[in-house]
Amino acid sequence: MAEIIVVTSGKGGVGKTTTSASIACGLARRGKRVAVVDFDIGLRNLDLIMGCERRVVYDFVNVIQGDCTLKQALIKDKRLETLYVLAASQTRDKDALSSEGVRRVLDELANDGFDYIICDSPAGIEKGAHLAMYFADRAVVVVNPEISSVRDSDRILGLLASKTQRAEQGQERVREHLLLTRYNPRRVTTGEMLSVDDVKEILGLDVIGVVPESPDVLSASNAGLPVIMNEDSDASRAYEDAVARLLGEEVPLRFTLDAKKGFFARMFGG
Amino acid sequence: MSTDLDFRDKRSTADARPAVVKLQYGQIGMMQLRIGTTDTGALLDELTGRVATAPKFFQRTPVCLDLGELERLPEIDEVRAVIDAVRRAGMVSIGLAGGSADIETLSTALNLPVLSAFRAANNPFPAVNPVATAPVQPAPPVAVMAATAEAPLAAMIHSQTVRSGQRIYARDRDLVITAGVGAGAEVMADGCVHIYGSLRGRAMAGVHGKLSARVFCQEFNAELVSIAGIFRVFETIPRELVGKPVQAWLDGEDLHFAPVGN
């Protein structure tokens, strides 16, 4: 039975696509069959982050409109055997998505034996974001430790509780998980950023991961290699932990404390 | 002010075409502006003073104009001048609080709707039965509820966090929320509002004019609290109330706040 996980946030630029790509890779690395679907029609990015932008022939909208089969549109990842990408269309807009079409594609992916379908939501709360979350079983809400992002996430959590198929049909609630990204413990200490506990308290949810602010994220995007694949990076380890927690493992939180520089590091600028 | 989103494609599984028109009944909280004079200078002074206390809150806020406190029915031109003064203060008059035939005539001439619920809502002791209501006023709030509730309804209990953009309304009863109310969320009841969590959004008790309604919360961080239409916005919360268990009640026209419990 495939599990549909939407990665959403409301606010733009908080790291939804980076998170989608890393979670998809993390799950695939553990042997799960994973399809990651870009719902950001017209502003497609996932293919860039996944490093498969030159292999996009058919996209999500083509499949919905019957221009090609799902198999033709799924792009197999070069690094991980069990990972596939369904790119968004760059030349259309979000109106090209229909609820019925999305349902058909997700059903077909589930029937193809995928374990996880990761839906990378566009920013906002309009049609694209709505359809990305509508069929979800679980949601990863990506939030930056600042008030506007927290407010938008609160809004998204409200929609997850009311405007999804599970809510409308009175089924069990969508399971919600918070993922903090761009976390900078030093700025939390100085009071410029909300702490993990602040965000947990405001949103009333536990966090599934805290990804530290890291230059590795940008360089990973530029290289078309999801940051989780860069084993030397703290961001990678944090995503790896988040994937473990998503699978029900208990892992202690890391990268949330301001690592005081040692004497030598301070002296020599290390 | 209706904040609930309506995705156009919501029903598209059955019918892919978006509806041309969707006529829905919705409850909208709105401010009522009761004027005691048609002197536009005085009105403008008073209004701009009020607006300055919370400029964002009042910006383009719709108000319902209530002429009931005036000594005589104003002329059309006077009302026009008042509407203009209100507009210059940053608010928008979208209707007249009504009831009488004179108001109807005025509203037709001004091309504004009459919002009749307002007068009834703010007239909690109807003159129909003065014998029954007279002794009620000095009695403690609990007694008022017992005396006026004909068939008391059990409180509405909501156990999930009320998120930004959501609204919960308990009609003809109390509302009990066993979780938090997020910033930008609204909880309303015709009776009292009890929040066993943090209140960061708006809480409105006695929305149909029940003066004895109260708001209680476990952790006070509210944006706005209103009882029977009398409200206070918090751009800065008094330090002694921040994060505390607080109750709000009405004493005449004054909204009071105080820590509750220990």
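Protein chains get the first letters and strands the later ones, always in sequence-line order, with residue 1 at the start of each.
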From [X] [atom1] over to [Y] [atom2], what is the distance, rounded to the nearest 0.5 angstrom?
X         : Y         : atom1 : atom2 : answer
Asp154(A) : Arg163(B) : CG    : CZ    : 5.0 Å
Ser164(B) : Ile156(A) : OG    : CD1   : 10.5 Å
Gln166(B) : Arg155(A) : CD    : CZ    : 8.0 Å

[X] atom [atom1], over 12 foreign heavy atoms within 6.0 Å:
X         : atom1 : value
Tyr196(B) : OH    : no
Leu247(A) : CG    : yes
Glu253(B) : CD    : no
Glu172(A) : CD    : no
Phe257(B) : CZ    : yes

Identify the residues of residues 195-207 of chain A whose heavy atoms come closer than 4.5 Å to a heavy atom of chain B, ordered by number, or report 'none'.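 Against chain B, the residues of residues 195-207 of chain A that fall inside the cut-off (heavy atoms, under 4.5 Å) are Glu201(A), Ile202(A), Leu203(A), Leu205(A).
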
